[in-house]
There are 2 protein chains.
Amino acid sequence: MALKIRKNKSPEPPYGCPLTECMSVLGGAWTPNVIWSLSAGPRRFSELRIDIPGVSPKVLTTRLRDLEARGILHRDVKPTSPPSVEYSLTAHGMKLVPAIEAIVSVGHELKKAGKPTPKRRTSRRLAKSV
Amino acid sequence: MALKIRKNKSPEPPYGCPLTECMSVLGGAWTPNVIWSLSAGPRRFSELRIDIPGVSPKVLTTRLRDLEARGILHRDVKPTSPPSVEYSLTAHGMKLVPAIEAIVSVGHELKKAGKPTPKRRTSRRLAKSV
DNA sequence: GAATGTAGTTTCCATTCGGTAACCCGTGGT
DNA sequence: ACCACGGGTTACCGAATGGAAACTACATTC
C-alpha cells in the first residue's frame with residue numbers, strides 16, 4: 001500500500017516563494033558580504049575590495065550592478081575629481097541586514113559546534129550498505 | 001591624491017567568516033526549501049518532492065546527503081516493508097530555522113515593495129549608456 | 001610625459017551546478 | 001507474471017558563474 005502523504009504542509013509553498021525570492025538576491029557569490037560590509041556605512045569600490053578580500057573586481061561590479069538594479073543599494077557618484085563612487089544600502093537594503101545577521105550568528109554556532117569540515121560531497125555510495 | 005580608506009571596518013572579516021560558512025550550507029539550490037519544509041516536521045523523500053515542486057530527485061538526494069553530512073538533518077530508515085526513509089532536522093539544523101525565517105520575511109518585504117522582477121542577470125551592457 | 005589612483009570593463013576560461021531522463025532494487029498487490 | 005510505488009542512482013548535458021588577467025578612461029601630480 002502506498003504510504004499516505006502527510007499533509008501538515010510547510011509554511012510556504014515555493015511558488016513565487018519569498019524564500020526563493022530572497023535567495024535570488026543573496027545567492028550570488030559575495031553578495032551577503034557586500035551587504036554586510038555596507039551595513040557598517042557607505043563604501044567606495046576600492047574599500048569594498050579591501051573589506052572583502054578575495055573578491056575580484058569583475059564579480060564585485062556585477063554584484064553592485066545587480067543589487068543596485070534590485071534597489072538594494074544606492075550608487076552615488078561624487079563629482080569630485082577623480083570622481084569617487086560611494087555605495088550605500090537603501091532603506092530596502094537595510095531590511096536584509098537582520099537576515100544576514102541571523103545567518104552570521106548561525107555561522108558562529110555552526111563553527112562552535114566544530115563541524116569536521118566534510119570534504120566529500122556525493123561520495124555516499126554506502127547508502128545500500130546501510 | 002589618493003582617497004583615504006575609511007576604516008570603520010565591517011563587523012566580520014571574510015576569513016573563515018561565519019557568513020561564508022553559513023552560506024556554504026544554505027547556498028545550494030533548494031537547500032533553504034528543504035530545511036524550511038523539514039522545520040514543519042519530519043518528512044519522507046517523496047513528501048519533500050511534493051513540498052518542493054520543481055526539485056529533481058537528483059538534486060534532492062544531493063542536498064539531503066550534503067545536509068546529513070553536515071549534521072543539519074537526520075536520515076532515519078524505518079525497517080518497515082517497503083522501508084520508508086524519514087528526514088528530520090537535528091538540533092543543529094533547527095538553529096538554521098530562524099535565519100531562514102528572517103530570509104522568508106525579507107522575501108515578503110521585497111515582494112511587497114513591488115520589485116519589477118528584474119529578469120536580466122548580467123545583461124547590463126547599458127552600463128556605459130548610463 | 002610618465003606614473004598613480006579610482007573605478008571599473010572586457011575577454012577568456014574552467015568549473016560547477018542543476019535539469020532531464022533513464023535506470024535500479026525490493027516489496028506488495030492483482 | 002507484471003506493474004506500481006518508495007527511494008533513490010547514474011550518465012549526460014548545457015547554461016551560468018566565478019576567477020584571472022589585461023585593459024580603459026580620466027584627472028592629478030611629479
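Proteins come first, then strands; the chains are lettered A, B, ... in the order of their sequence lines, and each starts at number 1. Side chains are part of it too, since the values below use all heavy atoms of this structure and drop only hydrogens, waters and symmetry mates.
Shown here are the salt bridge (Lys or Arg N to Asp or Glu O under 4.0 Å) partners of A:Lys58, two or more places apart in sequence or in another chain: there are none. Checked against side-chain contact (heavy atoms from CB on, under 4.5 Å), A:Ala29 has the following partners two or more places apart in sequence or in another chain: A:Arg63. In this structure, the side-chain contact (heavy atoms from CB on, under 4.5 Å) partners of B:Ser88, at least two apart in sequence or on a different chain, are B:Pro42, B:His74. Remark: B:Ser105 pairs with no residue by the side-chain contact (heavy atoms from CB on, under 4.5 Å) rule, at least two apart or across chains. By the side-chain contact (heavy atoms from CB on, under 4.5 Å) test, A:Val55 is found to be paired with A:Trp30, A:Ile52, A:Val59, A:Leu60, residues two or more places apart in sequence or in another chain being considered.
The side chain of A:Val59 approaches D:dG18 more closely than any other nucleotide in the set C:dG8, D:dG18, D:dT9.
Residue B:Trp30 places at least one side-chain N or O closer than 4.0 Å to OP1 or OP2 of C:dG19. Contact check, B:Arg44 against D:dG7: a side-chain N or O comes under 4.0 Å of OP1 or OP2. An OP1 or OP2 oxygen of C:dA7 is reached within less than 4.0 angstrom by no side-chain nitrogen or oxygen of A:Arg75. OP1 or OP2 of D:dA20 has not a single side-chain nitrogen or oxygen of A:Ser56 nearer than 4.0 Å.
Rounded to an integer number of Å, the gap from B:Arg63 CZ to C:dC17 C1' is 8 Å. Rounded to an integer number of Å, the gap from CG of A:Asp66 to C1' of D:dA16 is 13 Å. The CG-P distance, from B:Asp51 to D:dG7, rounds to 13 Å in whole Å. Following rounding to the nearest Å, B:Glu68 (CD) and D:dG7 (P) show an atom-to-atom distance of 15 Å. The separation between A:Leu64 atom CG and C:dT6 atom C1' is 14 Å, rounded to whole Å. Between the C1' atom of C:dA7 and the NZ atom of A:Lys78 lies a distance of 15 Å, rounded to the nearest Å. Rounded to a whole Å, the CG atom of B:Leu48 is 12 Å from the C1' atom of D:dG7. Summarising the geometry, the separation between CZ on A:Arg43 and C1' on C:dA7 is reported as 17 Å, rounded to the nearest angstrom.
Remark: B:Glu86 engages B:Lys78 in a salt bridge, criterion side-chain N to carboxylate O under 4.0 Å.
Among the atoms of the strands shown, only primed sugar atoms or phosphate atoms (P, OP1, OP2) are found under 4.0 Å from some heavy atom of B:Ser84. Contacts of A:Thr61 with the nucleic acid, taken as non-hydrogen atoms under 4.0 Å apart, include base atoms. Heavy atoms of B:Arg49 sit nowhere under 4.0 angstrom from any nucleic acid atom.
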Return the polar atom pairs (N/O with N/O) between nucleotides 21-25 of chain D and the protein under 3.5 Å, or none.
none

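Heavy atoms only, all atoms of each residue included: B:Lys95 and B:Pro98 are closest at O-CD, 3.1 Å.
Residues A:Tyr87 and B:Gly28 each lie close to DNA chain C; by heavy-atom proximity, the contact nearer the 5' end of the strand is made by A:Tyr87.
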